[in-house]
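As C-alpha coordinates, the structure follows; a few thoughts come after it.
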Amino acid sequence: MPPRKKARTSETTASSGGEAAPKRRKVSVGKDGSNSAGSPEHSHWLMKSEPESRSENGIDMKFGIEDLKALPNQTSCWDGVRNYQARNFMRQMKEGQLAFFYHSNCKDPGIAGLMRIVKEAYVDHTQFDKKDVHYDAGSKPDNPKWSMVPTRGHTPGLVPVDVQYQRMLKRFLPLSELKKHHLQHRAGGGPLRDMALFTRARLSVQPLTPEEFDFILSLEDQEPL
DNA sequence: GCCAACGTTGGC
DNA sequence: GCCAACGTTGGC
(Lines give C-alpha, C1' and ligand atoms only; values in the text may rest on other atoms or scores of the structure.)
Protein backbone atom coordinates (compact mmCIF):
# COMPACT_ATOMS: atom_id res chain seq x y z
CA MET A 1 0.00 0.00 0.00
CA PRO A 2 1.32 3.38 -0.92
CA PRO A 3 2.15 5.81 1.80
CA ARG A 4 -0.36 8.34 2.88
CA LYS A 5 -0.06 12.02 2.51
CA LYS A 6 -1.80 14.04 5.09
CA ALA A 7 -3.93 11.17 6.23
CA ARG A 8 -5.48 11.98 9.51
CA THR A 9 -7.16 9.88 12.17
CA SER A 10 -9.76 7.25 11.65
CA GLU A 11 -12.46 9.65 10.71
CA THR A 12 -14.06 8.68 7.48
CA THR A 13 -14.80 11.53 5.22
CA ALA A 14 -18.49 12.08 5.15
CA SER A 15 -20.17 12.88 1.91
CA SER A 16 -21.61 16.08 3.20
CA GLY A 17 -19.52 18.15 0.92
CA GLY A 18 -21.88 18.27 -1.97
CA GLU A 19 -20.39 16.06 -4.64
CA ALA A 20 -22.65 13.26 -3.63
CA ALA A 21 -25.70 15.38 -4.09
CA PRO A 22 -26.35 14.66 -7.71
CA LYS A 23 -28.97 17.19 -8.61
CA ARG A 24 -29.90 20.68 -7.75
CA ARG A 25 -26.38 21.78 -7.47
CA LYS A 26 -26.11 25.42 -7.94
CA VAL A 27 -23.29 26.23 -10.24
CA SER A 28 -21.79 28.44 -7.66
CA VAL A 29 -18.33 29.80 -7.61
CA GLY A 30 -16.38 28.68 -4.61
CA LYS A 31 -13.81 30.67 -2.73
CA ASP A 32 -11.15 28.99 -4.76
CA GLY A 33 -12.60 30.32 -7.96
CA SER A 34 -13.53 26.91 -9.16
CA ASN A 35 -17.04 25.80 -9.73
CA SER A 36 -19.02 22.73 -10.45
CA ALA A 37 -19.20 23.63 -14.10
CA GLY A 38 -15.45 23.61 -14.13
CA SER A 39 -14.82 27.15 -15.21
CA PRO A 40 -11.28 28.30 -14.64
CA GLU A 41 -8.95 25.63 -15.79
CA HIS A 42 -6.00 25.23 -13.57
CA SER A 43 -2.87 23.90 -15.14
CA HIS A 44 -0.23 23.87 -12.44
CA TRP A 45 -0.27 22.72 -8.87
CA LEU A 46 1.41 22.70 -5.51
CA MET A 47 0.97 19.74 -3.21
CA LYS A 48 2.07 19.56 0.39
CA SER A 49 3.45 16.56 2.20
CA GLU A 50 5.44 16.03 5.33
CA PRO A 51 9.05 14.89 4.91
CA GLU A 52 9.66 14.23 8.59
CA SER A 53 8.41 11.33 10.66
CA ARG A 54 5.41 12.06 12.78
CA SER A 55 3.13 9.46 14.18
CA GLU A 56 -0.55 10.02 13.96
CA ASN A 57 -2.77 7.26 15.25
CA GLY A 58 0.07 4.88 14.74
CA ILE A 59 0.60 5.89 11.15
CA ASP A 60 3.84 7.50 10.12
CA MET A 61 3.09 10.64 8.20
CA LYS A 62 6.51 10.87 6.64
CA PHE A 63 6.40 11.19 2.89
CA GLY A 64 8.95 13.54 1.41
CA ILE A 65 10.08 13.86 -2.16
CA GLU A 66 12.86 11.37 -1.51
CA ASP A 67 10.24 8.83 -0.54
CA LEU A 68 8.38 9.38 -3.79
CA LYS A 69 11.62 9.08 -5.71
CA ALA A 70 12.39 5.77 -4.04
CA LEU A 71 9.14 4.06 -5.00
CA PRO A 72 8.80 1.71 -7.96
CA ASN A 73 8.22 3.87 -11.02
CA GLN A 74 8.81 6.83 -8.73
CA THR A 75 5.05 6.97 -8.64
CA SER A 76 2.56 7.17 -5.83
CA CYS A 77 -1.09 7.59 -5.26
CA TRP A 78 -1.68 10.93 -3.57
CA ASP A 79 -4.16 9.78 -1.02
CA GLY A 80 -5.10 11.04 2.37
CA VAL A 81 -6.51 14.36 1.28
CA ARG A 82 -9.66 15.04 3.19
CA ASN A 83 -10.23 18.71 2.70
CA TYR A 84 -12.98 19.31 0.20
CA GLN A 85 -11.33 22.14 -1.63
CA ALA A 86 -8.11 20.21 -1.92
CA ARG A 87 -10.00 17.19 -3.13
CA ASN A 88 -11.88 19.23 -5.68
CA PHE A 89 -8.63 20.53 -7.03
CA MET A 90 -7.32 17.01 -7.32
CA ARG A 91 -10.35 16.16 -9.38
CA GLN A 92 -9.48 18.92 -11.80
CA MET A 93 -5.99 17.65 -12.41
CA LYS A 94 -5.17 16.43 -15.86
CA GLU A 95 -2.64 13.87 -16.87
CA GLY A 96 0.69 15.42 -17.71
CA GLN A 97 0.30 18.51 -15.58
CA LEU A 98 3.12 19.50 -13.28
CA ALA A 99 3.01 20.03 -9.55
CA PHE A 100 5.49 21.33 -7.04
CA PHE A 101 6.28 18.96 -4.21
CA TYR A 102 6.11 21.11 -1.11
CA HIS A 103 7.57 20.01 2.21
CA SER A 104 5.38 21.09 5.08
CA ASN A 105 5.27 20.81 8.84
CA CYS A 106 9.00 20.34 9.05
CA LYS A 107 12.16 22.14 10.02
CA ASP A 108 12.75 23.40 6.53
CA PRO A 109 9.48 24.06 4.73
CA GLY A 110 9.53 24.86 1.04
CA ILE A 111 9.45 23.54 -2.51
CA ALA A 112 11.73 20.59 -3.07
CA GLY A 113 10.96 19.36 -6.54
CA LEU A 114 8.63 18.65 -9.37
CA MET A 115 6.20 15.88 -10.06
CA ARG A 116 3.77 15.08 -12.78
CA ILE A 117 0.18 13.92 -12.70
CA VAL A 118 0.20 10.48 -14.28
CA LYS A 119 -3.29 9.34 -13.40
CA GLU A 120 -6.33 11.48 -12.97
CA ALA A 121 -8.83 11.07 -10.18
CA TYR A 122 -11.98 9.32 -11.14
CA VAL A 123 -15.06 7.69 -9.77
CA ASP A 124 -16.03 4.30 -11.03
CA HIS A 125 -19.64 4.73 -12.06
CA THR A 126 -20.31 1.27 -13.43
CA GLN A 127 -21.29 -0.06 -10.07
CA PHE A 128 -24.28 2.27 -9.98
CA ASP A 129 -25.50 1.33 -13.42
CA LYS A 130 -28.18 -1.33 -13.35
CA LYS A 131 -27.30 -2.38 -16.86
CA ASP A 132 -23.66 -2.82 -16.18
CA VAL A 133 -22.14 -6.15 -15.26
CA HIS A 134 -20.48 -4.45 -12.35
CA TYR A 135 -23.73 -3.17 -10.96
CA ASP A 136 -24.01 -3.68 -7.25
CA ALA A 137 -27.31 -2.90 -5.60
CA GLY A 138 -25.52 -2.45 -2.30
CA SER A 139 -23.26 0.26 -3.63
CA LYS A 140 -24.51 3.80 -3.42
CA PRO A 141 -22.99 6.85 -5.06
CA ASP A 142 -22.24 8.35 -1.70
CA ASN A 143 -20.52 5.21 -0.54
CA PRO A 144 -19.30 3.11 -3.45
CA LYS A 145 -18.00 -0.36 -2.86
CA TRP A 146 -15.96 -1.17 -5.89
CA SER A 147 -12.70 -0.04 -7.32
CA MET A 148 -12.77 2.64 -4.77
CA VAL A 149 -10.41 3.33 -2.00
CA PRO A 150 -12.80 4.26 0.77
CA THR A 151 -10.11 4.39 3.34
CA ARG A 152 -9.65 7.22 5.74
CA GLY A 153 -8.81 10.53 4.37
CA HIS A 154 -10.61 10.86 1.14
CA THR A 155 -14.15 10.79 0.02
CA PRO A 156 -15.43 7.35 -0.77
CA GLY A 157 -15.76 7.03 -4.48
CA LEU A 158 -12.78 9.05 -5.38
CA VAL A 159 -9.67 7.35 -6.56
CA PRO A 160 -7.07 10.00 -6.05
CA VAL A 161 -4.53 11.06 -8.60
CA ASP A 162 -1.23 9.33 -9.09
CA VAL A 163 1.87 11.45 -9.22
CA GLN A 164 5.30 10.65 -10.54
CA TYR A 165 8.58 12.14 -9.45
CA GLN A 166 9.99 14.43 -12.08
CA ARG A 167 13.07 16.07 -10.69
CA MET A 168 14.48 17.95 -7.76
CA LEU A 169 14.68 21.69 -8.12
CA LYS A 170 18.25 22.83 -8.73
CA ARG A 171 18.06 24.28 -5.28
CA PHE A 172 15.52 23.99 -2.50
CA LEU A 173 13.18 26.96 -2.43
CA PRO A 174 12.44 27.78 1.18
CA LEU A 175 9.09 29.12 2.24
CA SER A 176 10.86 32.14 3.70
CA GLU A 177 12.18 33.09 0.29
CA LEU A 178 8.88 32.56 -1.45
CA LYS A 179 7.30 34.71 1.21
CA LYS A 180 9.75 37.54 0.58
CA HIS A 181 8.79 37.53 -3.07
CA HIS A 182 5.15 37.34 -2.14
CA LEU A 183 5.47 40.40 0.08
CA GLN A 184 7.42 42.30 -2.55
CA HIS A 185 4.83 41.46 -5.14
CA ARG A 186 2.06 42.51 -2.83
CA ALA A 187 3.69 45.87 -2.47
CA GLY A 188 4.88 46.49 -5.97
CA GLY A 189 3.11 43.99 -8.15
CA GLY A 190 4.38 40.70 -9.43
CA PRO A 191 3.37 37.14 -10.10
CA LEU A 192 3.34 35.91 -6.51
CA ARG A 193 1.01 38.63 -5.29
CA ASP A 194 -1.91 36.29 -4.73
CA MET A 195 -0.15 32.98 -4.37
CA ALA A 196 -2.40 30.49 -2.62
CA LEU A 197 0.42 29.29 -0.39
CA PHE A 198 0.05 32.60 1.45
CA THR A 199 -3.52 33.59 0.81
CA ARG A 200 -4.93 30.13 1.51
CA ALA A 201 -2.40 28.94 4.01
CA ARG A 202 -3.91 25.66 5.05
CA LEU A 203 -4.84 24.29 1.68
CA SER A 204 -2.73 21.22 1.00
CA VAL A 205 -3.46 20.95 -2.71
CA GLN A 206 -3.55 24.24 -4.52
CA PRO A 207 -3.50 25.59 -8.05
CA LEU A 208 -0.88 27.92 -9.47
CA THR A 209 -1.22 30.17 -12.45
CA PRO A 210 1.30 29.61 -15.22
CA GLU A 211 2.84 32.96 -14.24
CA GLU A 212 3.27 31.85 -10.64
CA PHE A 213 4.66 28.53 -11.72
CA ASP A 214 7.15 30.02 -14.18
CA PHE A 215 8.30 32.65 -11.75
CA ILE A 216 8.92 30.10 -9.03
CA LEU A 217 10.76 27.83 -11.41
CA SER A 218 12.95 30.73 -12.49
CA LEU A 219 14.10 31.13 -8.90
CA GLU A 220 16.07 27.91 -9.00
CA ASP A 221 18.56 29.60 -11.30
CA GLN A 222 18.91 32.58 -9.07
CA GLU A 223 20.71 33.42 -5.90
CA PRO A 224 18.53 33.20 -2.83
CA LEU A 225 16.90 36.46 -1.91
C1' DG B 1 5.49 22.69 21.90
C1' DC B 2 2.95 26.89 21.10
C1' DC B 3 -0.66 28.96 19.02
C1' DA B 4 -2.92 31.74 15.11
C1' DA B 5 -5.65 30.87 11.34
C1' DC B 6 -9.28 28.75 9.64
C1' DG B 7 -12.21 24.74 8.25
C1' DT B 8 -15.82 21.76 10.29
C1' DT B 9 -19.46 20.47 13.37
C1' DG B 10 -23.59 20.74 15.65
C1' DG B 11 -27.03 23.13 18.62
C1' DC B 12 -30.48 26.17 18.10
C1' DG C 1 -28.73 29.42 8.27
C1' DC C 2 -26.16 31.47 12.14
C1' DC C 3 -22.39 31.10 14.89
C1' DA C 4 -19.79 29.30 18.97
C1' DA C 5 -17.08 25.45 20.05
C1' DC C 6 -13.95 22.42 18.43
C1' DG C 7 -10.24 20.30 15.71
C1' DT C 8 -6.51 20.64 12.38
C1' DT C 9 -2.75 22.80 9.85
C1' DG C 10 1.55 24.20 9.77
C1' DG C 11 4.96 28.01 10.67
C1' DC C 12 7.75 29.35 14.20
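Letters go in sequence order (proteins before strands), and every chain restarts at 1. Hydrogens, waters and symmetry mates are skipped; everything else that's a heavy atom, side chains included, is used.
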Please report the distance, rounded to the nearest Å, between [atom1] in [X] and [atom2] in [N].
X	N	atom1	atom2	answer
A:L203	B:dG7	CG	P	9 Å
A:M61	C:dG10	CE	C1'	12 Å
A:N105	C:dG11	CG	P	7 Å
A:H103	C:dC12	NE2	P	17 Å
A:R54	C:dG11	CZ	P	12 Å
A:F198	C:dT9	CZ	P	20 Å
A:E177	C:dC12	CD	P	14 Å
A:Q85	C:dT8	CD	P	19 Å

OP1 or OP2 of [N] sitting under 4.0 Å from any side-chain N/O of [X]?
X	N	result
A:Y102	C:dT9	no
A:R200	B:dA5	no
A:K107	B:dG1	no

Taking the six-membered ring for Trp, are the ring centroids of A:W45 and A:F101 within less than 6.0 Å of each other?
->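 So the answer is no for these two rings.
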Are A:F100 and A:F213 near enough that their ring centres are under 6.0 Å apart?
->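 So the answer is yes for these two rings.
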Nucleotide nearest A:K48 (side chain, heavy atoms from C-beta), chosen from C:dG10, B:dC6, B:dT8 =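 Among C:dG10, B:dC6, B:dT8, the one nearest the side chain of A:K48 is C:dG10.
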Counting side-chain heavy atoms from C-beta on, which of C:dG11, C:dT8, B:dT8 comes nearest to A:N83?
->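 The answer is B:dT8, which lies nearest to the side chain.
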Yes or no on salt bridge (charged side-chain N to carboxylate O under 4.0 Å, His left out) for A:D221 and A:K170, after CA distance, side-chain angles and deciding distance?
-> CA-CA 7 Å; A:D221 291 314; A:K170 293 174 196 165; 2.7 Å; yes
Residue pair A:R171, A:Q222: steps toward the side-chain hydrogen bond (donor to acceptor under 3.5 Å, both in side chains) verdict | CA-CA 9 Å; A:R171 65 181 181 89; A:Q222 279 167 233; over 6 Å; no
